[in-house]
Amino acid sequence: QVQLVESGGGLVQPGGSLRLSCVASGATLEFYSIGWFRQAPGKEREGVSCIVSSDGTPYYLDSVKGRFTISRDKNMVYLQMNNLEPEDTAVYYCAAGGTLTTNLPLGLMKGWYDYWGRGTQVTVSS
């Protein structure tokens, strides 16, 4: 059983930056798919970024390309978020799954993952 705990959320002004962290316990993340999702009030949870291939290639939602960067280090997963916009306001979730794939867009689908954290709130507002 994998446990995931996110941190790093907060209130930031438009154009600002935040770095989200996710620590995993119960398993080694090296061989898992990992992803970051977000859910705004009244909206579906959407995939933001993921690493689901064995070569570590990241994949991003179009609206965050060039602004967000996903990375992993042992049992930590990070999401560096720059040039934040009010539309980025949401609860952000870390996810891990037991399958790797070369079909990268699958990593932005909720059903790809088996384990979820409880989320961290990100609010972008002036």
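Counting from 1, the numbers follow the sequence of the chain as shown.
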Residue pair [X] / [Y], side-chain heavy-atom distance below 4.5 Å:
X    : Y    : result
F37  : K110 : yes
Q121 : T89  : yes
V52  : Y113 : yes
Y60  : I70  : yes
C94  : W36  : yes
Y93  : R118 : no
C50  : S33  : no
L104 : T57  : yes

Closest non-hydrogen atom pair between [X] and [Y], with its separation:
X   : Y    : answer
M76 : S21  : CE-CB, 4.0 Å
V91 : G119 : CG1-CA, 3.8 Å
R45 : W116 : NH1-CE3, 3.4 Å
S17 : N82  : OG-OD1, 2.9 Å
G97 : D114 : CA-OD2, 3.7 Å
A40 : A90  : N-CB, 3.8 Å

Would you say the side chains of [X] and [Y] form a donor-acceptor pair under 3.5 Å?
X    : Y    : value
Q13  : S126 : no
D55  : S53  : yes
W112 : T99  : no

Original post:
Please walk me through it: do M81 and Y92 pass side-chain contact (heavy atoms from CB on, under 4.5 Å)?
Top reply: CA-CA 11 Å; M81 305 186 296; Y92 282 71; 3.8 Å; yes

Subject >> Expected output: side-chain N75 to main-chain V23 donor-acceptor under 3.5 Å >> reply: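 It does not hold such a pair.
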
Subject >> T101 side chain to N103 backbone, donor-acceptor under 3.5 Å >> reply: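 Yes.
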
Original post:
Do L29 and V5 share a hydrophobic cluster, counting only Ile, Leu, Val, Met, Phe, Trp and Tyr and linking them when any side-chain heavy atoms are less than 4.5 Å apart?
Top reply: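 Different clusters: L29 never reaches V5 through Ile, Leu, Val, Met, Phe, Trp or Tyr contacts under 4.5 Å.
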
**OP:** Using the rule that two of Ile, Leu, Val, Met, Phe, Trp, Tyr join whenever any of their side-chain heavy atoms come within less than 4.5 Å, decide whether L61 and V77 are in one cluster.
**Re:**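 L61 clusters together with V77.
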
Between atom [atom1] of [X] and atom [atom2] of [Y], what is the distance when rounded to the nearest 0.5 Å?
X   : Y    : atom1 : atom2 : answer
L20 : S49  : CG    : OG    : 11.0 Å
C22 : E6   : SG    : CD    : 5.5 Å
L79 : T120 : CG    : OG1   : 11.0 Å

Subject >> Inter- and intrachain pairs under salt bridge (charged side-chain N to carboxylate O under 4.0 Å, His left out), touching residues 59-73, at least two apart >> reply: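 Of all non-adjacent pairs touching residues 59-73, those that pass salt bridge (charged side-chain N to carboxylate O under 4.0 Å, His left out) are D62-K65, R67-E85, R67-D88.
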
**OP:** Before giving the answer on side-chain contact (heavy atoms from CB on, under 4.5 Å), spell out for F68 and V48 the whole-Å C-alpha distance, their side-chain angles and the decisive distance to 0.1 Å.
**Re:** CA-CA 9 Å; F68 289 13; V48 174; 3.5 Å; yes

Original post:
So, are R38 and E46 salt-bridged, with charged N and O less than 4.0 Å apart?
Top reply: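 Salt bridge flag = yes for E46 with R38.
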
**OP:** Identify which one of L18, T123, V64 satisfies the side-chain contact (heavy atoms from CB on, under 4.5 Å) criterion when paired with L84.
**Re:**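 Of the listed residues L18, T123, V64, the side-chain contact (heavy atoms from CB on, under 4.5 Å) partner of L84 is L18.
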
